[in-house]
Peer 1: 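Okay, here's the structure, questions in a sec.
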There are 2 protein chains.
Amino acid sequence: MSINTSKAASISEVAAHAGVSIATVSRVLNSTKPVNADTRERVETAVAALGYRTNALARSLTRGESKLLLLLVPDFANPFYSEIIKGVESVIRKAGYSLVLGGAPDTLSRDSQALDTLYNRLADGVISLAHYHDLQPLLREMPGLPWVSCSEFIPDSDVPHASIDHQQAAVDAVQYLINRGHERIALLSADENYLWARQRHLGYEVAMQRAGIAIDPQLVRIARGTDYVFGMEAAGALLAQKNAPTALFAVSDTLAIGAIKAFRRAGLRVPEDIAVVGFDNVPLSQVFEPALTTIAQPMHELGAAAAQLLLERLAGGTPTSRTLQHTLVVRESA
Amino acid sequence: MSINTSKAASISEVAAHAGVSIATVSRVLNSTKPVNADTRERVETAVAALGYRTNALARSLTRGESKLLLLLVPDFANPFYSEIIKGVESVIRKAGYSLVLGGAPDTLSRDSQALDTLYNRLADGVISLAHYHDLQPLLREMPGLPWVSCSEFIPDSDVPHASIDHQQAAVDAVQYLINRGHERIALLSADENYLWARQRHLGYEVAMQRAGIAIDPQLVRIARGTDYVFGMEAAGALLAQKNAPTALFAVSDTLAIGAIKAFRRAGLRVPEDIAVVGFDNVPLSQVFEPALTTIAQPMHELGAAAAQLLLERLAGGTPTSRTLQHTLVVRESA
DNA sequence: GTGAAAGCGCTAACAT
DNA sequence: ATGTTAGCGCTTTCAC
């Protein structure tokens, strides 16, 4: 029960109250040097009486570190990112850090308030989930900042990242389809400014090639967005083909679900008439009917690994990127 | 293109480089007082040359405000919160604030690092999405902090909040069912330590009473969690009744979806055999089949309103809580 | 219009 | 073991 109703007490008030110097107060607060038992007690009493709490700003200023990490999230509403955030949190918290949120893609321009507020050494480091082409310009603006990328990564840069092997994951997904006897396998990709989309697309091509299946360009579609509506749209176009596919690999679950909805609306059964495999294993994919066969990324671990990377970097190390394992989760849709 | 590869330049270096005093630099940086055109230019050149950026920590310390707001989120993985966060962001950003994330419920104990790191005047204020019983102890620890609650609220406190009228929303949902001719309406509630669960439960009772329908205690279930599995579980129990319900009101969409899965697995058709209405209008509810009839909360607006409240509070005002409008979204499940 | 200097609340080196 | 003091990098009177 603190006494002060008005202004926050400062360290000097505590010192006065306890009849010691501010240095001593600082020492008991940080247990940075031995302090006599009774002195310590007097200080602690004063702290309690005044409801004193260290001013984090002042501490950070003198220490030269804020214990704040900036997290760049393209879209909070994306459950995919949420799990990563949890992973990040779990490790940085143990190290005494907190997260500052940096926002939407459009706030990522140089003169944005977000950056002005944040890059000014408020944060000790950055974990970015943003897409690399949004970042590249920024990155060269702030050579000093410890930077780490999660899930995405930045080609030709020394920014360490934690991610899965998107291409290999796509190979696995398509290979699964091939193993099940499919040959006319369609690809539903997303805006290929996204590295992951490009890489998953590549994986599709590799798998097809390896199996000696020629790729029908008609069967390759780029959705206009990642929302499931765009999945429906693109799937519709696919159905309009003379020679319809028997399977579909979508580079994201939302797209896959949109496609399934479109297929069913067209009277097709999934997976009997057309098999579908997605990517991401979003929460929805498990609940949706038919439950989605998809590639699961270890999202929590991804976040944790990225955080670990940053922590090592902060400790003066030069960690190298980590590639984590994906899994093919077989459910009902394929 | 900045020159410094090593350490960040400080204001005094800029001053030296421009041949002016640090006061002048500060003036052009903040345009707080008139400065001669050529002096200004010299300073600006120096700033550019040195790649100088204001140290946010130092600025905050002198100004006595950090422009940082603490956001308490019980669970990042919950899409419901994500939308709120976006709403919050959109308004605070305009006011020059950034968000610091405060974490999971279990980190909310007094001695947690999260709080130690943050409450120490690092943040200028707090927006909480956490449940009130998690907060009450904290709240009395820090009488000084401008605090605002979103979606949840704290009974018998002077903490302003932005939320919908949960009880009335539940009344609307159940009334809708009644209007469609249902009488044996079941309630699927959640842990009633949650205020919203209690209030929605209450709404159910009010609606039933008003319609003169006696409530069958057998038809009222409390799920063991909010995950959809618990919805399935509880729905199973409901089906085991001698006198099965013809409709169900679930206090959350995830619960509703779980229930629907269970119903269908038992050979029931939704909504023909049993109608279901949910609550929250999570993204999934639109995609799920059958699409969910549910109560939509204006999540973005909720976040924005809460942020607005906090801003007013920060400006010295004493804003009063705001109740926003919910909507019944009629889709396929009822 | 510009500079000098006093803090903001801390931590850490240096004394004692 | 404890106190004095010099910063940390800025903003803001107060002089000139």
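Here is the naming used below: chain letters follow the sequence lines, and residue numbers restart at 1 for every chain. We use all heavy atoms of the structure for the numbers below, so side chains are in, but hydrogens, waters and symmetry mates are not.
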Peer 1: In whole angstrom, give the distance that lies between atom CG of B:Asn36 and atom C1' of C:dG3.
Peer 2: 14 Å

Peer 1: So how far is it from A:Ser66 OG to A:Leu122 CG, rounded to the nearest 0.5 Å?
Peer 2: 6.0 Å

Peer 1: Can you measure B:Leu29 atom CG to D:dT12 atom P for me and round it to whole angstrom units?
Peer 2: 12 Å

Peer 1: From the options D:dC10, C:dT11, C:dC14, select the nucleotide whose nearest atom is closest to the side chain of A:Thr62.
Peer 2: C:dT11

Peer 1: Starting from P on C:dA4, measure out to CD1 on B:Ile11 and report it in whole angstrom.
Peer 2: 14 Å

Peer 1: May I ask you to evaluate whether B:Asn55 reaches the phosphate of D:dC8, defined as a side-chain N or O under 4.0 Å from OP1 or OP2?
Peer 2: no

Peer 1: So do the side chains of A:Phe80 and A:Ser151 get within less than 4.5 Å of each other, counting heavy atoms only?
Peer 2: yes

Peer 1: Starting at CG of B:Asp38 and ending at C1' of C:dT2, how long is that distance when rounded to a whole Å?
Peer 2: 12 Å

Peer 1: Is there a salt bridge (Lys or Arg N to Asp or Glu O under 4.0 Å) between A:Lys86 and A:Glu89 once you walk through the steps?
Peer 2: CA-CA 5 Å; A:Lys86 281 177 144 178; A:Glu89 268 255 316; over 6 Å; no

Peer 1: Using whole Å, what does the distance between atom C1' of nucleotide C:dT11 and atom NZ of A:Lys67 come to?
Peer 2: 15 Å

Peer 1: Any donor-acceptor pair under 3.5 Å linking the side chain of A:Arg42 with the backbone of A:Ala18?
Peer 2: yes

Peer 1: What are the residues of residues 17-27 of chain A, sorted by number, that bring a heavy atom to within less than 4.0 Å of DNA chain C?
Peer 2: A:Ile22, A:Ala23, A:Ser26, A:Arg27

Peer 1: In terms of side-chain heavy atoms of B:Pro34, which of D:dA1, D:dG9, C:dG1 is nearest?
Peer 2: C:dG1

Peer 1: To 10°, what angle do the rotation axes through the five end pairs on each side of the helix from C:dG1-D:dC16 to C:dT16-D:dA1 form?
Peer 2: 40°

Peer 1: Using side-chain heavy atoms (C-beta onward) and a distance below 4.5 Å, is A:Leu314 in contact with A:Leu69?
Peer 2: yes

Peer 1: Using a 6.0 Å cut-off, check whether atom CZ of A:Arg40 has over 12 heavy atoms from anything other than its own residue.
Peer 2: yes

Peer 1: From the options D:dG9, D:dC10, D:dT2, select the nucleotide whose nearest atom is closest to the side chain of B:Leu61.
Peer 2: D:dG9

Peer 1: Give a yes-or-no answer on whether the side chains of B:Asn30 and B:Arg59 include a donor-acceptor pair shorter than 3.5 Å.
Peer 2: yes

Peer 1: Give A:Thr39 one of three labels, base, sugar-phosphate or nothing, depending on what nucleic acid heavy atoms sit under 4.0 Å from its own.
Peer 2: sugar-phosphate

Peer 1: How long is the line joining CG of A:Leu57 and C1' of C:dG7, in whole Å?
Peer 2: 15 Å

Peer 1: With a 4.5 Å limit on heavy-atom distance, are the side chains of B:Ser163 and B:Leu324 in contact?
Peer 2: no

Peer 1: Do B:Val47 and B:Leu29 have side chains that get closer than 4.5 Å, going by heavy atoms?
Peer 2: yes

Peer 1: Separation of B:Leu50 atom CG from D:dG9 atom P, in whole Å?
Peer 2: 13 Å

Peer 1: In whole angstrom, what separates A:Glu65's CD from C:dA12's C1'?
Peer 2: 14 Å

Peer 1: Between B:Arg59 and A:Arg40, which residue's closest nucleotide on DNA chain D lies nearer the 5′ terminus?
Peer 2: A:Arg40

Peer 1: Any chance you could measure B:Ile11, atom CD1, to B:Thr24, atom OG1, to the nearest 0.5 Å?
Peer 2: 9.5 Å

Peer 1: Nearest nucleotide by nearest heavy atom, which residue falls closer to the 5' end of DNA chain D, B:Lys33 or B:Arg63?
Peer 2: B:Arg63

